[in-house]
Enquirer: 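Next up is a structure, given as structure tokens.
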Amino acid sequence: MRLAPSPSGPLHVGHSRMAILNDEYVKRYGGKLFLRIEDTNPSNIDLDSYHLIPEDLEWLDVKVHEIVIQSKRMDLYYKEARRLIEMGKMYICECSQADFKNYKLNSMACPHRERAPETNMEAFEKMISGAFRKGDVSAVVKTDLNHPNPSIRDWIAFRVKEETHPLTGRTYFAYPMMNFSVAVDDHYLELTHVIRGKDHLNNTEKQSYIFTYMKWIKPHYYHYGLVHIPGALLKTSLIKKGIRDGTYSGWSDIRLQTLLAMKKRGYRPDTFRKYWVNSGMREIDSEFSWEIFNSINKEFVDQHAKRLWFVPDPVRLRIVGGWDMNSKAPFHPGNPDEGERVYHLGAEPEIYIPGKDWLTIADKEKFRLKDLCNVIRKDNGIIYADNSHEDLKKIRILQWSPADSQDFSVERPDGTVDNGKIEPLFSKVKGVSQFERYGYVNLDLERKKGYFLHK
RNA sequence: GCUCCGAUGGUGUAGCACGGCCAAGCAUACCGGCCUUUCAAGCCGGCGACUCGGGUCCAAAUCCCGGUCGGAGCACCA
């Protein structure tokens with residue numbers, strides 16, 4: 001089995017599917033998983049991704065047995081190309097791009113198609129030694145000019161690139177197209193099974209010509225349906241543009257759906273695995289469900305998410321008439337091992353409550369400060385009422401935070417920020433916590449802020 | 001336009017290769033109740049689907065034909 005990403009950036013949610021599906025197959029049935037970095041197009045390579053991709057995979061707990069880098073195997077591709085030329089199955093076309101396209105669309109042979117193998121070989125050697133300019137020539141695999149799908153008729157296997165390759169520099173001038181290098185590598189890596197998206201259906205057919213000409217055994221192919229991930233920006237080129245022009249702070253900007261960003265928000269690798277295994281390998285296109293994805297993540301995260309009181313948009317109030325006020329509450333109601341938090345507030349303390357709630361509390365309305373006491377609103381202040389637990393079901397219960405609370409802000413994936421106060425003991429909490437009546441947040445203690453995960 | 005693929009509740013799926021055990025299972029969401037000093041978690045109950053039309057058959061979500069709808073690919077990206 002293999003994972004074959006192009007090194008144009010780190011992995012995102014979409015990639016996690018193919019990684020996990022392949023990995024899961026290998027883990028269940030045995031075998032070997034290659035990570036094959038497909039860097040045969042020097043124009044869209046991001047040097048960092050050579051290490052970011054393996055790191056992402058490691059985070060996902062995908063076990064890669066061996067890493068193969070295509071740009072280091074160019075001689076192999078050239079060697080196999082020569083064999084095809086000798087067999088008369090590949091030729092060097094010197095038509096313009098437009099002419100070549102025209103011939104194909106009309107099922108016609110281009111003038112170079114029937115040249116002798118020796119002539120082609122000569123042209124090929126010139127091509128790889130850099131004697132041609134970009135766009136002048138290409139190496140073409142003969143298929144069937146009458147194939148109903150024009151893209152499958154005589155497809156291009158090598159083209160000239162003049163850019164400097166980030167890894168190999170200016171060593172090579174002719175680079176294989178994905179369909180050629182993939183066929184050669186799938187054979188030499190002795191792959192038995194290939195799992196990939198059904199956007200590759202045509203490629204599978206193109207590649208099969210190589211297997212047939214070379215008399216190689218084809219792997220078994222499985223094509224899963226495409227998933228549309230709502231609200232996600234996954235096009236690496238667009239993300240890169242956004243990073244360059246300052247729209248995004250980097251690959252881990254939490255508005256993005258790169259694995260880096262999702263990790264920062266507190267998503268767990270197990271969530272990815274469970275979600276993708278659960279959605280299976282059907283050929284149906286489907287809609288990615290954040291609803292289900294988040295609920296799986298909540299399952300993993302909730303058990304150790306300490307509860308905290310965060311007060312967005314805080315209003316500062318004095319509890320008039322409250323003497324010797326104390327509060328004690330567990331960090332996790334269902335998990336006593338997580339400990340508890342205790343506050344001694346003293347007499348007539350000041351506290352913060354959420355501005356949004358304060359706005360909707362009527363004059364003379366009674367409400368509860370959670371784990372503290374009941375109060376009644378009077379004009380623009382509150383007075384102590386009692387500490388009975390009797391009407392808990394009837395009145396609303398608000399989270400609050402003491403006067404010595406810290407400033408804290410939560411960044412949300414939609415780009416907005418909630419500013420507020422957080423209870424002092426938050427500094428004892430690490431990782432993902434649940435802000436009561438607010439949602440799950442991954443804490444960044446050093447910077448006194450958090451990243452919103454989900455409700 | 002051409003080629004290929006697909007169609008189960010709001011969403012994600014199981015079942016379809018070998019028709020009957022499917023008056024369609026699970027999850028999530030939603031609604032109601034219990035519990036609870038969070039609008040979290042947990043427990044109980046409820047809601048809700050086989051794209052349409054034909055055909056084969058004792059019997060069709062499952063097989064065949066047609067329509068409709070959706071998706072992907074269509075040349076020097078991977």
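In what follows, chains are A, B, ... by sequence order, proteins preceding strands, each numbered from 1. None of these values were measured; they are calculated from a predicted model.
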Enquirer: A:N202 CG to B:C77 C1': how many Å, rounded?
Expert: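 Interatomic distance, CG of A:N202 to C1' of B:C77: 14 Å.
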
Enquirer: Looking at the side chain of A:I156, which of B:U37, B:C76, B:A40 is the nearest nucleotide?
Expert: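 From the listed options, B:C76 comes nearest.
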
Enquirer: Any donor-acceptor pair under 3.5 Å between the side chain of A:E291 and the base of B:G10?
Expert: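 Checked by distance alone, the answer is yes.
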
Enquirer: In whole Å, what is the span from the CD1 atom of A:I128 to the P atom of B:C76?
Expert: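 My rounded result for the distance is 22 Å.
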
Enquirer: Could you tell me how far B:G9 sits from B:U56 if I compare only their P atoms? Round to whole Å.
Expert: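 The answer is 28 Å between these two P atoms.
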
Enquirer: Take atom NE2 of A:H304 and atom P of B:A41, then tell me their distance rounded to the nearest Å.
Expert: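 Interatomic distance, NE2 of A:H304 to P of B:A41: 17 Å.
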
Enquirer: Could you check which of B:U28, B:G70, B:A78 has an atom nearest any side-chain atom of A:D285?
Expert: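 For the A:D285 side chain, the nearest candidate turns out to be B:G70.
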
Enquirer: Return the orientation label for the A:F408 and A:F426 ring planes: parallel under 30°, perpendicular over 60°, tilted otherwise.
Expert: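 Perpendicular.
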
Enquirer: Among residues 35-47 of chain A, which ones have heavy-atom contacts with RNA chain B below 4.0 Å?
Expert: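 A:E38, A:T40, A:N41, A:N44, in order of number.
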
Enquirer: If you assign each of A:S295 and A:M281 to its closest nucleotide in RNA chain B, which residue comes earlier from the 5' end?
Expert: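 Nearer the 5' end of the strand: A:M281.
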
Enquirer: Establish, from distance only, whether the side-chain atoms of A:R368 and A:N387 form a donor-acceptor pair under 3.5 Å.
Expert: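 A:N387 and A:R368 do have a side-chain donor-acceptor pair below 3.5 Å.
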
Enquirer: Taking only the side-chain nitrogens and oxygens of A:K298, find out if one of them lies under 4.0 Å from OP1 or OP2 of B:G42.
Expert: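 The answer is no; no side-chain N or O of A:K298 sits under 4.0 Å from OP1 or OP2.
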
Enquirer: Between B:G66 and B:A7, how many Å separate the two C1' atoms, rounded to a whole number?
Expert: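 The answer is 16 Å between these two C1' atoms.
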
Enquirer: Check every atom of B:C74, B:U38, B:G12 against the side chain of A:E436 and return the nucleotide holding the closest atom.
Expert: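 Closest nucleotide among those given: B:U38.
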
Enquirer: Determine whether the side chains of A:Y438 and A:Q399 contain a donor N or O and an acceptor N or O closer than 3.5 Å.
Expert: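 Looking only at side-chain atoms, A:Q399 and A:Y438 do not form any donor-acceptor pair under 3.5 Å.
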
Enquirer: As a test of reading the structure: which of B:A72, B:A78, B:G73 is closest to the side chain of A:L226, going by heavy atoms?
Expert: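 Among the listed nucleotides, the one closest to the side chain of A:L226 is B:A72.
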
Enquirer: Please state how far atom CG in A:L238 lies from atom P in B:C77, giving the value in whole angstrom units.
Expert: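 Going from CG in A:L238 over to P in B:C77 covers 18 Å.
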
Enquirer: Suppose you measure atom P in B:C47 against the same atom in B:A27; what distance do you get, rounded to whole Å?
Expert: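 That atom pair is separated by 16 Å.
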
Enquirer: Strictly below 4.0 Å: does A:S8 bring a side-chain N or O up to OP1 or OP2 of B:C77?
Expert: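 So the side-chain polar atoms of A:S8 never come under 4.0 Å of the phosphate oxygens OP1 or OP2 of B:C77.
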
Enquirer: Name the nucleic acid region contacted by A:L398, choosing base, sugar-phosphate or nothing; use a 4.0 angstrom heavy-atom cut-off, strictly under.
Expert: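 No contact at all - A:L398 keeps every heavy atom at 4.0 Å or more from the nucleic acid.
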
Enquirer: Under 3.5 Å, is there a donor on one side chain and an acceptor on the other for A:N442 and A:Y267?
Expert: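 Absent: no donor and acceptor within the cut-off.
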
Enquirer: With a 4.0 Å limit, can you tell me whether A:R159 has a side-chain N or O closer than that to the phosphate oxygens OP1/OP2 of B:C77?
Expert: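 A:R159 to B:C77 OP1/OP2: side-chain N or O found under 4.0 Å.
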
Enquirer: Can you measure A:K101 atom NZ to B:C76 atom P for me and round it to whole angstrom units?
Expert: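 That distance rounds to 7 Å.
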
Enquirer: For B:C63 and B:G15, measure between their C1' atoms and round to the nearest Å.
Expert: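 Per the computed distance, 16 Å lies between those C1' atoms.
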
Enquirer: Strictly distance-based, threshold 3.5 Å: is any side-chain N or O of A:H304 a donor or acceptor partner for the main-chain N or O of A:V432?
Expert: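 Absent.
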
Enquirer: Can you identify which nucleotide, out of B:U13, B:U11, B:C35, has its nearest atom closest to the A:S279 side chain?
Expert: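 My answer, after comparing the listed nucleotides, is B:U13.
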
Enquirer: Looking only at side chains, do A:Q207 and A:N179 share a donor and an acceptor under 3.5 Å apart?
Expert: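 Result is yes, a qualifying pair exists.
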
Enquirer: Looking only at the side chain of A:M178 (C-beta and beyond, no hydrogens), which of the listed nucleotides B:U3, B:C4, B:A78 gets closest?
Expert: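 For the A:M178 side chain, the nearest candidate turns out to be B:A78.
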
Enquirer: Classify the nucleic acid contact of A:Y440 as base, sugar-phosphate or nothing, counting any heavy atom under 4.0 Å across all strands shown.
Expert: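 Sugar-phosphate: the residue A:Y440, judged by heavy atoms under 4.0 Å, touches backbone atoms but no base.
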
Enquirer: Count the heavy atoms of every other residue, nucleotide or ligand shown that sit under 6.0 Å from NZ of A:K126, and state whether that count exceeds 12.
Expert: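 No, because the 6.0 Å sphere around NZ of A:K126 holds 12 heavy atoms or fewer from other groups.
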
Enquirer: Answer with yes or no whether the side chains of A:S8 and A:N44 bring together a donor and an acceptor at under 3.5 Å.
Expert: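 No - no donor-acceptor pair under 3.5 Å links their side chains.
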
Enquirer: Say we look at B:U8 and B:C69: how far apart would their C1' atoms be, to the nearest angstrom?
Expert: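 Straight-line distance between the two C1' atoms is 15 Å.
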
Enquirer: The side chain of A:P333 lies closest to which of these nucleotides: B:G73, B:A40, B:G12?
Expert: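 So the side chain of A:P333 is nearest to B:A40.
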
Enquirer: Hey, does A:R307 reach any base, or is it just sugar-phosphate, or nothing, if we go heavy atoms under 4.0 Å?
Expert: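 Touches a base.
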
Enquirer: What is the distance from OH of A:Y222 to C1' of B:G6, rounded to the nearest Å?
Expert: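 A:Y222 atom OH is separated from B:G6 atom C1' by 19 Å.
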
Enquirer: Tell me: NE2 of A:H223 to P of B:C5, nearest whole Å?
Expert: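 Nearest whole value for this atom pair: 12 Å.
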
Enquirer: Would you tell me whether A:R196 and A:T204 have side-chain atoms, one donor and one acceptor, within less than 3.5 Å of each other?
Expert: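 Note: A:R196 and A:T204 side chains meet the donor-acceptor criterion.
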
Enquirer: Quick one: classify the glycosidic conformation of B:A17 as syn or anti, with syn meaning within 90° of 0.
Expert: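 Syn, since the glycosidic angle lies within 90° of 0.
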
Enquirer: If I pick the P atom on B:A23 and the same atom on B:A49, what distance separates them, to the nearest angstrom?
Expert: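 Their P atoms lie roughly 15 Å apart.
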
Enquirer: For A:H165 together with A:Y172, are the ring centres under 6.0 Å from each other?
Expert: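 No - the distance between ring centres of A:Y172 and A:H165 does not fall below the 6.0 Å cut-off.
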
Enquirer: Would you call the rings of A:F288 and A:W276 parallel, tilted or perpendicular, taking 30° and 60° as the class edges?
Expert: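 Geometry flag for A:W276 against A:F288: tilted rings.
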
Enquirer: In terms of relative ring orientation, are A:W216 and A:Y188 parallel, tilted or perpendicular, with 30° and 60° separating the classes?
Expert: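 Perpendicular.
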
Enquirer: For B:A40 and B:A17, measure between their P atoms and round to the nearest Å.
Expert: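 43 Å, rounded to whole Å.
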
Enquirer: In whole Å, what is the span from the NZ atom of A:K455 to the P atom of B:C30?
Expert: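 So the two atoms are 11 Å apart, to the nearest Å.
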
Enquirer: Taking the side chain of A:M177 as heavy atoms from C-beta outward, which of B:U38, B:A41, B:C77 is closest to it?
Expert: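 Output: B:C77.
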
Enquirer: To the side chain of A:Q434, which of B:G73, B:A40, B:G12 is closest?
Expert: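 Of B:G73, B:A40, B:G12, B:A40 is nearest to the side chain of A:Q434.
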
Enquirer: Extract the stems that RNA chain B is part of, considering only consecutive pairing runs of at least three Watson-Crick or G-U wobble pairs, both distances under 3.5 Å.
Expert: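 Counting only runs of 3 or more consecutive pairs, the stems involving RNA chain B are B:1-7 with B:68-74, B:10-13 with B:25-28, B:30-34 with B:42-46, B:51-55 with B:63-67.
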
Enquirer: Taking B:G25 as the reference, what is the distance to B:G48 when you measure between their P atoms (whole Å, please)?
Expert: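 It works out to 13 Å between them.
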
